[in-house]
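Everything numeric in this text was worked out from a predicted model, so none of it was measured.
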2 protein chains.
Amino acid sequence: MMNTPDAAAKLEALGNPTRLSLYRLLVRAGHGGLSVGQCQQRLEIAASTLSHHLKTLIIVGLVSQERDGTTLICRANFDRMNELVAFLVAECCADSNCASDQSAA
Amino acid sequence: MMNTPDAAAKLEALGNPTRLSLYRLLVRAGHGGLSVGQCQQRLEIAASTLSHHLKTLIIVGLVSQERDGTTLICRANFDRMNELVAFLVAECCADSNCASDQSAA
DNA sequence: TATATCCTCCCATAAAACCGGAATTATCGA
DNA sequence: TCGATAATTCCGGTTTTATGGGAGGATATA
């Protein structure tokens, strides 16, 4: 079960427009992932800037990397996102009866 | 349909631990909501600080307020959260076949 | 070894966020 | 109108973030 500081760190990581674009790029790429260079081409930002943002996403666990020769393949970590979403909708209306609470079975 | 800057603004708003605690407080409170004073009591932060955070959440639409005499009732806007979650999981694996893509009908 | 490619780390700068005390606005009751 | 309560805005200082240029590490190939 996730706690508030961890969830906040993940949300903060996604809260930057450039980082959110980067993350979604990887989400669309799916399991195949994208190399850092491919990400840079698509986002058109400085390599160092991209590296910073990538590091931020990796630290919070939303993205993982795997080396393939000289290139690094980046992938979105879907499990972490699912955990985050679950955290956000958890305890919906715990103190009242909420008509829009479809999360409960 | 939400765009990236709007989604990033919402995620950034939720990315601060204090603000996330505040938001979840309102989520738990449900449709009844909570007054600003009640939020302050529970979070134990300065009134001005709370007002800043509240304003941030209101600007991005995640929280709404309604006046009742001298007190302001704050409520989480569940529709906006649902939109945000939908945006986050949208286009999952658009460029590949993804086994964990259950969002598509 | 020499060389090229890919990426990260160090560094500096500018911008933005965070926080809270004091003053201000809004509303209600006497 | 006066006073009390509720909440926001103003103002400032401090901290954090965003960005990218350039140096340097890691890896592959000849």
Side-chain angles (χ1 to χ4, degrees), chain A residues 4-26 29 32-77, chain B residues 4-26 29 32-77:
Chain A
T4 300
D6 284 354
K10 290 182 175 63
L11 291 165
E12 185 182 30
L14 295 172
N16 175 275
T18 302
R19 257 182 337 250
L20 183 57
S21 297
L22 169 58
Y23 177 76
R24 281 167 63 77
L25 195 64
L26 296 176
L34 249 47
S35 73
V36 177
Q38 288 174 318
C39 291
Q40 194 197 345
Q41 281 183 346
R42 285 163 176 73
L43 296 178
E44 297 182 340
I45 58 178
S48 58
T49 301
L50 173 60
S51 192
H52 288 311
H53 287 313
L54 220 31
K55 185 177 180 182
T56 301
L57 289 170
I58 290 168
I59 286 176
V60 300
L62 286 169
V63 167
S64 60
Q65 279 184 335
E66 179 188 3
R67 182 169 281 279
D68 177 22
T70 60
T71 70
L72 279 170
I73 305 298
C74 308
R75 293 187 183 87
N77 192 331
Chain B
T4 301
D6 285 352
K10 288 182 177 62
L11 291 164
E12 184 183 30
L14 293 172
N16 174 276
T18 301
R19 254 177 342 245
L20 183 56
S21 297
L22 169 58
Y23 178 76
R24 281 168 60 76
L25 196 62
L26 295 176
L34 248 48
S35 72
V36 177
Q38 287 174 320
C39 292
Q40 195 195 347
Q41 282 184 344
R42 284 164 176 71
L43 296 177
E44 296 181 343
I45 59 179
S48 59
T49 302
L50 171 60
S51 193
H52 288 313
H53 287 313
L54 218 32
K55 186 178 182 180
T56 301
L57 290 170
I58 290 169
I59 285 176
V60 300
L62 286 169
V63 167
S64 60
Q65 279 183 337
E66 180 189 2
R67 182 169 282 279
D68 177 22
T70 59
T71 71
L72 279 171
I73 304 299
C74 309
R75 292 187 184 87
N77 191 332

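- Listed by first and then second residue, the salt bridge (Lys or Arg N to Asp or Glu O under 4.0 Å) pairs involving residues 12-25 of chain B are A:Glu91-B:Arg24 (not counting sequence neighbours).
- Of the inter-residue distances, the one linking B:Ile73 atom CD1 with B:Ser64 atom OG reads 11.0 Å to the nearest 0.5 angstrom.
- Residues B:Ala13 and B:Thr56 come closest through the heavy atom pair CB-CG2, 4.0 Å.
- Between the CG atom of B:Leu34 and the OG1 atom of B:Thr71 there is a distance of 11.0 Å, given to the nearest 0.5 Å.
- Atom P of nucleotide D:dG21 and atom NE2 of A:His52 are separated by 11 Å, given to the nearest angstrom.
- Judged by distance alone, with hydrogens and angles left aside, the side-chain atoms of A:Ser51 form no donor-acceptor pair with the main-chain N or O of A:Ala47 at under 3.5 Å.
- A donor-acceptor pair under 3.5 Å is absent between the side-chain atoms of B:Gln40 and the main chain of B:Ala46, judged by distance alone.
- Minimum atom distance to the side chain of A:Ser48 is reached by D:dG22, of the listed D:dT9, D:dT8, D:dG22.
- Residues B:Leu26 and B:Cys39 approach most closely at CD2-SG, 3.9 Å, considering heavy atoms.
- By the salt bridge (charged side-chain N to carboxylate O under 4.0 Å, His left out) test, A:Glu66 pairs with A:Arg75, sequence neighbours left out.
- In this structure, the side chains of A:Leu14 and A:Leu57 come closer than 4.5 Å at one or more pairs of heavy atoms.
- Paired with B:His53 under the rule side-chain contact (heavy atoms from CB on, under 4.5 Å), one option of B:Ile58, B:Leu22, B:Leu20 passes, and it is B:Leu22.
- If you check residues 37-46 of chain A against DNA chain C, the residues with a heavy atom closer than 4.0 Å are A:Gly37, listed by number.
- Across B:Ser21 and A:Thr4, no two heavy atoms sit closer than the pair OG-CG2, 3.7 Å.
- For DNA chain C, the neighbouring residues in residues 57-73 of chain A, judged by any heavy atom under 4.0 Å, are A:Gln65, A:Thr70, A:Thr71, A:Leu72.
- Closest heavy-atom contact between A:Ala9 and A:Val60: O-CG1, 3.7 Å.
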For A:Asn16 and B:Leu11, run side-chain contact (heavy atoms from CB on, under 4.5 Å): C-alpha distance rounded to whole Å, both residues' side-chain angles, the deciding distance at 0.1 Å, then the answer.
CA-CA 8 Å; A:Asn16 175 275; B:Leu11 291 164; over 6 Å; no

Between the protein and nucleotides 13-18 of chain D, which nitrogen or oxygen pairs are less than 3.5 angstrom apart?
| residue | atom | partner | partner atom | Å |
| --- | --- | --- | --- | --- |
| D:dA18 | OP1 | A:Asn16 | ND2 | 3.3 |
| D:dA18 | OP1 | A:Arg19 | NH2 | 3.1 |
| D:dA18 | OP2 | A:Arg19 | NH1 | 3.0 |

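- You can see that DNA chain C meets the heavy atoms of chain A within a 4.0 Å-exclusive cut from C:dC6 to C:dC10, reading 5' to 3'.
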